[in-house]
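Heads up, the thing below is written out as structure tokens.
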Amino acid sequence: MIEAMRDIGYSLESAVADIIDNSITARASAVDVRFGWHDAGAWIGIIDDGEGMSPSVLKEAMRPGTRNPLESRSKDDLGRFGLGLKTASFSQCRRLTVLTRHDGIESAARWDLDYVAETDKWTLQRPAAAELALMPCFNELGPQGTLVMWENIDRLEFDGRDERGHQQLNEQMAEVREHVARIFHRFIGGERGYAKLAMRLNMADIPAFDPFNERSAATQVLQEERVVTKAGDVRLQAYVLPHHSKVTQAEYQRLAGTEGYLRNQGFYVYRNRRLIVWGTWFRLAPQEELTKLARVKVDIPNTQDASWAIDVRKSRARPPAAVRARMKQIVERIRSSAKRPYTHRGTPVSAGPTAAVWQRRAFNDAVRYEVNPEHPLVADLRADLDSDSRTRLDAVLRMVGEAFPAAIFFSDYATNPRALEPATCDVGALVTLARLIAAANPGIDQKGLTELLRDIEPFAAWPKELDKVARDAL
């Protein structure tokens, strides 16, 4: 059975997170994930300063399936099936040792899958004190707390035990660091009414990764929604992340994460403040470029485990019908708010419509962008041309519109919008263009020209410069 338990589907980072769940349930104030190498190969240890376990509690904890998932639990309990310690550990290693201290009593237990296979007996070993003293991190466990040690790690691939192998372990543990920073960010960052949890990787602090950027004044926070069910309330809090022009490039890239904004939009489901799933609309809406800034925090209590179909790894959830129906009602409102930073950007300063250089034409299911032939500068130029020259100009403008590199632009903008060179105010060029507008409006004064320019691109983008532009043009 133990060998079968190894293939439930844990990744390294989800397995480590499952062990940390136990540390949090044990009221730890600090958790240190350690890793390194010894003669037997790579090892990983998770040390906490929680309540620890008595010998009898440790024995029960090492027994697979220690609790019925339908049992009533403490509202702060992050456990589910009583399998996490064993399944998470065996998914990565063949030898699991747990050393714990509680009320001045030290106890230890070990599952060694090779020993079980060799003896064909379900023997839970009790390592001697001398053997424990040789184990990595033995001296780092405090007077109270627990050390979970993984040895004989056989589910991670290394190209030998030389420098290359060490580098591969470092790279995989860097992914663990990123995962832990996201999954437990509400514990690490702290929330009102809860103590902060110090999280470290090889003694280096792991900062919280807040996917909602709640502390930024540029983040939009929408009204909280609450769905009342028999198993407990579900709270939904929507956020719209800042447009890239409102934050620094480093902050914008940090919020995107390694998978980017498009992949990370959607619902973020938390069970007792611990992140379970994220980056999904649960098939209630598509993931779109214009809604990539929308993220919704969904808080559920552990009394809803069954209705949300929480799995053993605590990495999958499915909203029940009653909650799903409510989510569907509010998702479009949330997504509409998320589109505003894009669709409302470039609104003219004046109340009237702005004469745009480019126009969007939609017919049937097709969309085309083309140069606006009614733009004052274009229209004035066309009026000055003879019929043949006007036809040639129209052909050139049509070619410019059809040749617009939409796919490349979309890729650049979606990947790193801040890398696109921003428009600069070339006053000399604006004056030259303004003279054309002035020539087409004989007798216009500076004030009138300034007001006229406010409603014409590209002048509308530089309202503070228009007085000077109009004066120099006249």
Side-chain angles (χ1 to χ4, degrees), residues 5 7-11 13-18 20-21 24-25 65 67-84 87-88 91 179-180 182-187 211-212 222 224-239 257 259 261-288 291-292 294-335 338:
M5 291 168 57
D7 296 314
I8 289 181
Y10 281 95
S11 63
E13 52 267 27
S14 63
V16 171
D18 216 336
I20 294 175
D21 285 342
I24 294 174
T25 301
R67 296 186 64 177
N68 185 331
L70 300 180
E71 282 184 23
S72 177
R73 295 175 179 267
S74 164
K75 65 182 182 67
D76 297 322
D77 192 346
L78 296 183
R80 171 80 172 109
F81 292 90
L83 288 168
T87 55
S91 73
H179 185 76
V180 167
R182 183 195 299 265
I183 294 296
F184 300 105
H185 75 91
R186 296 173 67 177
F187 296 89
F212 311 109
L222 306 186
E224 182 183 82
E225 301 278 346
R226 188 180 293 266
V227 181
V228 179
T229 71
K230 292 181 179 180
D233 292 357
V234 177
R235 292 183 293 117
L236 301 98
Q237 177 68 69
Y239 301 84
E259 295 179 311
Y261 281 95
L262 192 64
R263 170 62 183 83
N264 284 313
Q265 65 181 286
F267 293 106
Y268 284 61
V269 179
Y270 293 82
R271 174 181 178 270
N272 286 1
R273 301 191 301 136
R274 193 263 204 205
L275 185 57
I276 301 294
V277 296
W278 65 92
T280 174
W281 290 113
F282 290 117
R283 302 179 70 179
L284 297 175
Q287 289 184 319
E288 298 177 329
T291 59
K292 69 181 183 180
R295 297 179 182 181
V296 187
K297 181 193 297 181
V298 182
D299 273 306
I300 67 173
N302 59 7
T303 53
Q304 294 213 357
D305 286 353
S307 57
W308 278 78
I310 304 295
D311 68 345
V312 175
R313 297 169 295 141
K314 294 187 282 290
S315 59
R316 186 193 67 198
R318 184 180 65 249
V323 178
R324 187 179 179 87
R326 182 63 179 142
M327 293 169 85
K328 187 174 183 178
Q329 293 174 5
I330 67 174
V331 69
E332 280 308 316
R333 177 178 61 81
I334 294 170
R335 287 164 56 83

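A quick note: this is a predicted structure, and the numbers were derived from the prediction, not measured. In this chain, residues are counted from 1 in sequence order.
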## Note on the structure
Here the gap from D18 atom CG to T87 atom OG1, rounded to the nearest 0.5 Å, amounts to 6.0 Å
### Query
Going from OG1 on T25 to CD1 on I20, what distance comes out if it is rounded to the nearest 0.5 angstrom?
12.0 Å
### Task
Kindly indicate whether a cation-pi arrangement holds for R273 with F187, taking the cut-offs as under 6.0 Å to the six-membered ring centre and within 45° of the axis.
yes
#### Entry: Any pair counted as salt bridge (charged side-chain N to carboxylate O under 4.0 Å, His left out), so long as it reaches residues 321-330, sequence neighbours left out
E225-R326
### Task
With side chain to side chain contact (heavy atoms under 4.5 Å, CB included) as the test, would you mind laying out the steps for R271 and D305 before giving the verdict?
CA-CA 8 Å; R271 174 181 178 270; D305 286 353; 2.6 Å; yes
### Message
Could you report the tightest heavy-atom contact between M327 and P319, atom names first, then the distance?
### Response
SD-CB, 3.8 Å
### Message
Please enumerate all residues that pass ring-ring contact (aromatic ring centres under 6.0 Å, His included) together with W308, with sequence neighbours excluded.
### Response
none
### Query
To the nearest 0.5 Å, how far apart are OG1 in T280 and CD in Q287?
7.0 Å
#### Entry: Worked verdict on W278 versus V269 for side chain to side chain contact (heavy atoms under 4.5 Å, CB included)
CA-CA 6 Å; W278 65 92; V269 179; over 6 Å; no
### Close side-chain approach of V296 to Y239, heavy-atom, < 4.5 Å
no
#### Entry: Full working for side chain to side chain contact (heavy atoms under 4.5 Å, CB included) between V16 and Y10
CA-CA 9 Å; V16 171; Y10 281 95; over 6 Å; no
#### Entry: Residues that R318 engages under side-chain contact (heavy atoms from CB on, under 4.5 Å), provided they are two or more places apart
A309
### Query
With sequence neighbours left out, what residues match H185 under ring-ring contact (aromatic ring centres under 6.0 Å, His included)?
Y270
### Task
Would you give the length of the straight line joining atom CD of Q265 to atom OG1 of T291, rounded to the nearest 0.5 angstrom?
3.5 Å
### Message
A side-chain contact here means heavy atoms from C-beta on lying under 4.5 Å apart; do R235 and V298 qualify?
### Response
no
### Query
Any side-chain heavy-atom pair from Y261 and R295 closer than 4.5 angstrom?
yes
### Task
With sequence neighbours left out, write down each residue that passes salt bridge (charged side-chain N to carboxylate O under 4.0 Å, His left out) with R186, or none if nothing qualifies.
E191, D299
### Query
R182 versus Y268: any side-chain heavy-atom pair under 4.5 Å?
yes
### Query
Do the non-hydrogen side-chain atoms of Q304 and T229 ever get within less than 4.5 Å of each other?
yes
### Task
Taking all non-hydrogen atoms of both residues into account, name the closest pair between A317 and I310 and its distance.
CB-CD1, 3.7 Å
### Query
Which heavy-atom pair separates A17 from R274 by the least distance, and what is that distance?
CB-NH2, 3.6 Å
### Query
What residues, two or more places apart in sequence or in another chain, satisfy ring-ring contact (aromatic ring centres under 6.0 Å, His included) together with F282?
F267
### Query
Can you name the nearest heavy-atom pair linking A231 to P301, along with the distance?
O-CG, 4.1 Å
### Message
For a 4.5 angstrom cut-off between non-hydrogen side-chain atoms, does V227 reach L236?
### Response
yes
